[in-house]
Structure formats: C-alpha cells, structure tokens
Amino acid sequence: MKPKRITISAASQHVGETVSIPGWLYNLRKSGKIAFPLLRDGTGIMQCVAVKSALPEPVFDAIKDLTQESSVIFTGKIRADERAPGGYEMDVENVEVVQRVPEADPYPITPKEHGVDFLMDHRHLWLRSQRQHAILGVRHEVIRAVRDYFDSNGFTLVDTPIFTPAACEGTTTLFEVNYFEDEKAYLAQSGQLYNEATAAAFGKVYCFGPTFRAEKSKTRRHLTEFWMVEPEMAYAALEDVKQVAEEMIVFVVGRVLEKRRAELKLLERDVSKLEAIQAPFPRMSYDDAVKFLQSKGSEIQWGGDFGGADETLLSQEHDRPLMVDGYPSSVKAFYMQPNPERPEVAMCVDVLAPEGYGEVIGGGQRIHDYDLLLRRIGEHHLPKDAFEWYLDLRRFGTVPHGGFGMGIERCVAWLCGLEHVRETIAFPRMLYRLRP
RNA sequence: UCCUCAGUAGCUCAAUGGUAGAGCAUUCGGCUGUUAACCGAAGGGUUGUAGGUUCGAGUCCUACCUGAGGAGCCA
C-alpha cells in the first residue's frame, strides 16, 4: 500500500504512521553513518533522520548526496522528538528525488548572510526562506482579517478600476498608459472617488486592490505598487470614520496575534507591543501635534505637512496608534470636507502606527455640497468635465459620507516589526527595482 | 532631482601606495544525534567600467554605471 501523503503541519496527527512528505531540501547535516536532512514543504520544516545501517545503500547514498533545495519526497515514520526543531521528526525509509540541484550550479541563497541587493535579485528564491515565508503568512492573515472585518460589518466589496481617465487626485504622481484611443489613461492611485459612487448604491462599501504611485520616493516606507483597502460609508461623518478605523485595526491585530504567533516568534517580534493595541486610540489635533513637534525641536510650521521624522516623533509617544485630525485643507486633497467652524482645516484623520512606523491610514469626510465641491475643483485647476460623474453624486441625493485607505504593506511592516516595506510583498516594485 | 556611503572569489567581508586573503558555498576525505553541525584538504580573482597620477594603484584623482541609506516628494 502506498503511504499516505501529508504535510509537515499535519505531522502531529500521524505519529507512529509511515507517511510520505513531498517538499524541498532546506539543509543537510551529516556525519559518516547518519544524516539529518531538513525538509521544507511550505507548511513547515521537519528534521528527518537517515541511519545508514537501517537503509539500503542506494537510499542512504542518495540522501547524503542531496543538494540544497533539491525537490524530494521522503517516506518514513513520524516520531515525536525533543531534539527536532519542530518537535517531530521522520525516520526515513525511502526517498524519491524529483530533481537534484546540480552542484555545478548550486542554490545561491545559503544559510549564511547575504546583502539586500543580492537577496532582492533572487527574490523569487528568497521567498522560500523562513523569514520571508513568515512575513507573507502574516500578510495573508492581515488581508483575510481586513476582509472578514468589513464582510461581517455590513460592507459590500465593490472593486474599483485600475485604468482611470485624467487626474483624480492631482497630476504629478500618475503612471501614464498609452492604449485608449485619443486619450491617455492612468493607473489608479486610489479607488476612493469610485467608492463614493458605490457607497451611494450600497451604503457601506470597500475596495481592495493594487494602487500605483509614480513618485520618485526612495524610502523604507514607499513602494511604487502597493495594496490598499479603502472603505467608504454613506451617511457618515469624520467621527464614524475614526470609529471604523480603530475597530478594524484592533480586529486585525487581534487576529494576527491569535493565528500567527509562530510567525511573529520567528520574526522575533515583541508581541507585547501588539497586545497593547486596544481601543480607544489616543487622539490629537493637528494644531496640538505641531506644538508638540516644535517642542521637540522640529522645524515644522502650522500649515505644513509632517515629514517622516515628524511622524516618527509623534508615533513614538504612544503605545497604540495615534489619530491626528484637522490638517490644514491646503495640504489635503480637493474633496476633503472643511470644518464648518474653521474652514482652513479639513475634517480628515491620519492614523500613525506606534514604534515609529508612521502613517498607515489616511481618510476623512468628503465634501457633499455641490457648490463647494465645484469651487474646489476649480481652485485645484482640475478639469471639470472629467469630474461630471463625480459631481453627479452631489446632484442626486448627496449625503455626508467618508472613508479611509489603509496601506497593507505599511500595516504588515508594522505588525512584523520590519525595517522596510519591501519584504511585505512577494515581488516589490520600487523606483529602481522592476525585476524579478 | 539632491546629499552621504559602498562596489574585491558564487555569498559576506579583510588587505599602511609595495606578493590578492579569510569564513561560508562547491569538490575530496573523516565522523551514528546534528541544530547556520564539526574536523582536514583542494579548486575558485580582468578588485564595477573608462581614463589619469605614480617606479608601482584594490588603495590616490576624474567621469560614468550599479546598489544602499537619507532628503525632497508622498491617496
């Protein structure tokens, strides 16, 4: 009878059984008459034990000559053992070598140290490493939690287009696409304007997908292609937006702590920092933030946007995300609702993650008044024609509404405690990095 | 676009202007409980590119290329 195929993650349920596990050779330690191949299968890593005296000679020879990342199917009996890294190991009885990596051209990523450039050039292989595997596991959990949160709170997923005409947010940072006849198209940098349309159809909506920024930004928190989740709610004010943002973050962090302890441990993440993420989040006005920053030596003046160092200073002050509201309208997008009592500030909020991670969420209340929106489009020198459909939303049953966008990569970088967002997506796209 | 730093073996890094080196990886040998295993040996180099200074350049100078960190920019 052919042994049952299992995954390494299921090994604990098969103690005492002879099973087969298909995977790749992660590493091999050997002495003369015993070998310890480490098998990786995507669900985990298992130490196997091959004893020369217990195996036919060709089988033992095949195992001791295996090269790193060769694809193999090991067959043997599962046994609990404290000496094994995962707690269980396999006494190998047979091996099927699917492909042996030739030693003339060995697997380039060794268990030793490598530089950033080398690893990024080998990103397609680097993904097999434990650390990268753990990060992408957390990313998957974040995405699933985000969707679960919105799905179970009355939001409908209505995805928005990637190709967009003209400028939605301003013209400086868009990727141009030459394809549509007589007209240039651009890659979306936000789904928000479309969300406002679908919110008037469904009440509460969200979109989730890739967005594109053509900025010449070269920092640890920027990608040219990144994923963003954007909820939008009709009949909602700034306070409702803050409420949802806070609830969603607490939910996502809780889910990652619940499901991805092993990954966080491998990443050596201080989970006590994440366990502190509970509602309510501290809130601060832009006015107070500027005063605070000035007291810390920042050169920021009222009216300016925060620099990276400013965000870091602010977010290091608290053990949970900080919500900053009331930025000057002049530094925010044209559709931001001004505060009726202080028209120079917008009814917007940025959520700054703690530990210096900075902005993970930006959002606010949108202008719902037709005349005001029309005036703002003019002030920002935007083409009115292109926004006729958007103005329609104010002609036909306009209501106060708002929402926010959360960058998935920044969120994952924060939860994993990473230096750079480039490790939070399988194939990062950056200013100087298009391959692999 | 600007500032700073770096580029030497497949990888990570040494080398006072004077013979180009180590660890890992690879190959060979040894080892029955290894944990980035260990021990011994071997092979492996147009020092990013192009010029220049010098008796002599990996090292100093100029330009360029590539990358990293940062700034600006940033829904």
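Atom set for the values below is all heavy atoms of this structure, side chains included, hydrogens, waters and symmetry mates excluded. Each chain gets a letter, A, B and so on, in the order its sequence line appears, and its residues count up from 1.
In this structure, the nucleotide among B/rG67, B/rC74, B/rG33 sitting nearest to the side chain of A/Asp117 is B/rG67.
In this view, A/Glu17 satisfies the salt bridge (charged side-chain N to carboxylate O under 4.0 Å, His left out) rule with no residue, not counting sequence neighbours. Considering only residues two or more places apart in sequence or on other chains, A/Thr219 meets the side-chain hydrogen bond (donor to acceptor under 3.5 Å, both in side chains) condition with A/His222. When the side-chain hydrogen bond (donor to acceptor under 3.5 Å, both in side chains) test is applied to A/Ser129, no partner is found at least two apart in sequence or on another chain. In this structure, the salt bridge (charged side-chain N to carboxylate O under 4.0 Å, His left out) partners of A/Lys384, at least two apart in sequence or on a different chain, are A/Glu388. The side-chain hydrogen bond (donor to acceptor under 3.5 Å, both in side chains) test applied to A/Glu196 returns A/Gln192, A/Tyr390, A/Arg394, A/His401, not counting sequence neighbours. Checked against salt bridge (charged side-chain N to carboxylate O under 4.0 Å, His left out), A/Arg131 has the following partners two or more places apart in sequence or in another chain: A/Glu423. By the side-chain hydrogen bond (donor to acceptor under 3.5 Å, both in side chains) test, A/Gln294 pairs with no residue at all, sequence neighbours left out.
Residue whose closest nucleotide on RNA chain B sits further toward the 5' end, between A/Asp305 and A/His420: A/His420.
When both distances must be under 3.5 Å, the Watson-Crick or G-U wobble mate of B/rC2 is B/rG70. Under the Watson-Crick and G-U wobble criteria, each requiring two contacts below 3.5 Å, nucleotide B/rG7 is paired to B/rC65. The base-pairing partner of B/rG44, taking Watson-Crick or G-U wobble contacts with both distances under 3.5 Å, does not exist among the strands shown. Under the Watson-Crick or G-U wobble criterion, with both distances below 3.5 Å, B/rA20 is left unpaired in every strand shown. The partner of B/rU54 cannot be assigned: no Watson-Crick or G-U wobble pair with both contacts below 3.5 Å exists in any strand.
Within the nucleic acid shown, A/Pro108 has no heavy atom closer than 4.0 Å to any nucleic acid atom. Using a 4.0 Å heavy-atom criterion, one finds that A/Gly362 contacts the bases of the nucleic acid, with or without backbone contacts as well. Within 4.0 Å of A/Phe118, counting heavy atoms only, lie sugar-phosphate atoms of the nucleic acid but no base atom. In this structure, A/Ser53 reaches the bases: a heavy-atom distance under 4.0 Å links it to at least one base atom across the strands shown. At a threshold of 4.0 angstrom between heavy atoms, the contacts of A/Glu419 with the nucleic acid are absent.
Across A/Glu311, A/Glu359, A/Glu409, a single residue satisfies salt bridge (Lys or Arg N to Asp or Glu O under 4.0 Å) together with A/Arg221, and that is A/Glu311.
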**Request:** Could you run through nucleotides 21-27 of chain B and give me one letter per nucleotide, 5' to 3': B if any protein heavy atom sits under 4.0 Å from the base, S if only the sugar-phosphate is that close, - if neither?
**Result:** ---SSSS
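Between B/rA14 and B/rC73, the two P atoms lie 36 Å apart (nearest whole Å). Using atom C1' as the reference point in both B/rC74 and B/rA20, the two lie 47 Å apart (nearest Å).
Between A/Glu93 and A/Lys77 there is no salt bridge, since no side-chain nitrogen of the basic residue lies less than 4.0 Å from a carboxylate oxygen of the acidic one. Under a 4.0 Å N-O distance rule, the pair A/Asp350/A/Lys332 qualifies as a salt bridge.
Within residues 222-249 of chain A, the residues that place at least one heavy atom under 4.0 Å from RNA chain B are, in residue-number order, A/His222, A/Phe226, A/Met228. Of the residues in residues 286-297 of chain A, not one comes within less than 4.0 Å of RNA chain B through any heavy atom. Annotation: proximity of residues 119-139 of chain A to RNA chain B (heavy atom, distance under 4.0 Å) is found for no residue.
We find that NZ of A/Lys30 is positioned 8 Å from P of B/rC28, with the value rounded to whole Å.
Proximity of the aromatic rings of A/Trp24 and A/Tyr107 is defined here by a centroid distance below 6.0 angstrom, and this criterion is not met.
In plain terms, the two heavy atoms of A/Ile361 and A/Ala245 that are nearest each other are CD1-CB, 4.1 Å.
Residue A/Arg422 places at least one side-chain N or O under 4.0 Å from the OP1 or OP2 atom of B/rG69.
Screening residues 198-220 of chain A for ring-ring contact (aromatic ring centres under 6.0 Å, His included), with sequence neighbours left out, gives A/Phe150-A/Tyr206, A/Phe208-A/Trp227.
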